[in-house]
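Input: a single structure, listed below in structure tokens.
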Amino acid sequence: MTNDDLSQIMETSDEWISSRTGIRRRHIVRDENTSDLASNVAQQLLKKASLAAEDLDFIIVATVSPDGNMPSTASLVQAKIGASKAFAFDLTAACSGFVYALSVADKLIASGAYHNGIVIGAEVLSKIVDWSDRSTSVLFGDGAGGVLLQASSDTPLILAESLKSDGNRGMSLTSNLTHANSPFSKSESEDDLFLKMDGRAIFDFAVRDVPKNILESLEKAELSPDDIDYLLLHQANSRILDKMARKIKTERHKFLQNMQEYGNTSAASIPILLSEAVDAGTFKLDGSQKLVLTGFGGGLTWGTLVVKI
Ligand SMILES: O=C(O)C1CCN(c2ccc(-c3cc(CO)ccc3Cl)cn2)CC1
């Protein structure tokens, strides 16, 4: 759906959206749910790796827009692809979900207990967005991406990481807020199910906390920004990437960007970027490249993984 398509159903314009966010199009499901998108990613990964679903030890789906709480979206994926041996769970860390889930998966495998796992970021944000709110509904899109991890004796995947949360600022970006409503409860609060965002507060948080997090992670890895081939940041707003490049003093072209095509897909944004760079041959997957993966958003959560691929 292009910005012009949206201007047919709400008071907005291509000029406003693209100049303020860098977003030109986003993908909106007709009738698929999050587990459908995630299962499609899992099947592509298994095919690319020539692995059978039965070989999988675990499936993690990072999402803020699950099919439902129970069963988890990861469980539905397990059923859809026939991963009979895998344990499966969802992970909720909003736009940092993929980075958190990749860190967790890395530890599951590094422990020696598990060998093959799939980590997917998948969202159908079009079902939690308030379509009567033009300030947020134009920003978000649907999508999914993922990676398949295998135990190997080579160098570790993650060279350094720094995962953060700040619940004190959590009410700046919310969805699906529910309250006590039993015959015995006194709560008068109304449930607040739609996505709500204090855009200014979130923008300022990203500009202030994310560069520090990236630089701290690079220091832990004993690397400088110049040692990094590409930075894959959560695709929320192109002006954020401009500011990050200046703050980290590294070339803007190293910050991969595709929000013009997908909008903000929360936990799916980094794996979609990753997948497109692999398909384009930008990433050779020969262990010669160093990447920064950084998510930031609801929770508030933020986090960086410095990885060698
Ligand atoms: O310029 C304007 O008037 C508006 C100002 C507000 N904007 C924003 C604000 C915040 C975000 C955002 C969202 C998330 C959640 O994934 C994470 C990180 C960020 Cl930085 C995206 N856009 C759009 C343009």
Side-chain angles (χ1 to χ4, degrees), residues 3 6-7 10-27 34 62-65 91-101 121-130 133-145 163-166 169-176 194-214 231-248 255 257-260 262-273 293-304:
N3 294 341
L6 296 188
S7 68
M10 67 181 80
E11 195 61 40
T12 189
S13 71
D14 176 49
E15 193 283 326
W16 189 94
I17 300 169
S18 47
S19 64
R20 310 295 284 257
T21 70
I23 298 166
R24 296 189 175 282
R25 280 173 298 283
R26 76 284 292 145
H27 296 251
T34 310
T63 185
V64 288
S65 55
L91 183 148
T92 302
C95 316
S96 311
F98 180 75
V99 163
Y100 276 38
E123 302 287 6
V124 174
L125 297 177
S126 56
K127 65 184 180 181
I128 68 171
V129 153
D130 177 354
D133 174 6
R134 67 181 179 164
S135 72
T136 52
S137 56
V138 301
L139 304 179
F140 296 97
D142 304 340
L163 304 181
K164 304 283 184 186
S165 288
D166 180 6
R169 293 181 278 171
M171 296 314 278
S172 316
L173 180 49
T174 64
S175 81
N176 206 25
F194 286 133
L195 184 151
K196 283 198 170 26
M197 178 172 76
D198 174 345
R200 185 76 263 152
I202 297 297
F203 199 100
D204 293 346
F205 143 68
V207 171
R208 194 186 69 196
D209 291 309
V210 173
K212 263 189 313 196
N213 182 247
I214 293 172
L231 296 96
L232 286 76
L233 271 59
H234 169 48
Q235 297 293 290
N237 186 300
S238 55
R239 291 185 293 137
I240 286 276
L241 301 186
D242 299 340
K243 290 177 184 292
M244 295 296 153
R246 283 197 293 276
K247 284 209 161 192
I248 298 165
F255 288 75
Q257 175 176 326
N258 66 5
M259 86 271 292
Q260 60 278 8
Y262 299 102
N264 179 336
T265 58
S266 191
S269 80
I270 292 174
I272 291 171
L273 210 48
L293 308 181
T294 301
F296 46 97
L300 300 180
T301 60
W302 62 109
T304 292

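Just follow the structure's listing: the first ligand is 1, and inside any ligand the first atom is 1. All figures in this text were calculated on a predicted structure; none of them were measured in a lab.
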Gly298, Ser135, Cys95, Ala201: member with heavy atom nearest to atom 16 (O) of ligand 1:
Cys95

Measure the distance from atom 13 (C) of ligand 1 to every protein heavy atom, then report the residue, atom name and distance (to 0.1 Å) of the closest one.
Met197 SD, 3.6 Å

Arg239 near ligand 1 by a heavy-atom separation under 4.0 Å
yes

Can you find a pair of side-chain heavy atoms, one from Leu195 and one from Asp130, that are under 4.5 Å apart?
no

the protein heavy atom lying closest to atom 20 (Cl) of ligand 1 turns out to be Ile240 CD1, 3.6 Å

Compute whether any side-chain donor of one residue and acceptor of the other, for Glu123 and Thr63, lie under 3.5 angstrom apart.
yes

Proximal atoms of ligand 1 relative to His234 (non-hydrogen, under 4.0 Å)
16 (O), 17 (C)

Give the atom numbers and elements of ligand 1 that come within less than 4.0 Å of a heavy atom of Ala236.
12 (C), 17 (C), 18 (C), 19 (C), 21 (C)

Distance-minimising heavy-atom pair for Lys247 and Arg208:
NZ-CA, 4.4 Å

Evaluate salt bridge (charged side-chain N to carboxylate O under 4.0 Å, His left out) for Arg169 paired with Asp209, printing each intermediate quantity in order.
CA-CA 12 Å; Arg169 293 181 278 171; Asp209 291 309; 2.8 Å; yes

Atom 17 (C) of ligand 1 sits nearest the protein heavy atom Phe296 O, 3.6 Å

Which atoms of ligand 1 are found less than 4.0 Å from any heavy atom of Asn237?
22 (N), 23 (C), 24 (C)

Assess Ser266 for proximity to ligand 1: is some non-hydrogen atom of it under 4.0 Å away?
no

Asn264: numbered ligand 1 atoms lying under 4.0 Å from its heavy atoms:
13 (C), 14 (C), 15 (C), 16 (O)

Please verify whether a non-hydrogen atom of Trp16 lies at under 4.0 Å from ligand 1.
yes

Can you sort out which atoms of ligand 1 are near Gly199, meaning under 4.0 Å from one of its heavy atoms?
9 (C), 10 (C)

Asn264 and Arg26 side chains, donor-acceptor separation under 3.5 Å:
no

Of all heavy-atom pairs between Cys95 and Phe296, which one has the smallest distance, and what is that distance?
CB-O, 3.2 Å

What protein heavy atom is closest to atom 3 (O) of ligand 1, reported as residue, atom name and distance in Å?
Arg20 NH2, 3.1 Å

Find all atoms of ligand 1 within a distance of less than 4.0 Å from any non-hydrogen atom belonging to Leu173, and give their numbers and elements.
15 (C)

Does NZ belonging to Lys196 count more than 12 external heavy atoms closer than 6.0 Å?
yes

Side-chain ion pair, Asp204 and Arg200, N-O less than 4.0 Å:
yes

Closest protein heavy atom to atom 12 (C) of ligand 1, given as residue, atom name and distance to 0.1 Å
Ile202 CG2, 3.6 Å

Report the C-alpha distance between Asp242 and Arg239 in whole Å, list the side-chain angles of each, state the deciding distance to 0.1 Å, and finish with yes or no for salt bridge (charged side-chain N to carboxylate O under 4.0 Å, His left out).
CA-CA 5 Å; Asp242 299 340; Arg239 291 185 293 137; over 6 Å; no

Indicate whether any N or O donor in one side chain lies under 3.5 Å from an N or O acceptor in the other, for Asn237 and Thr21.
no

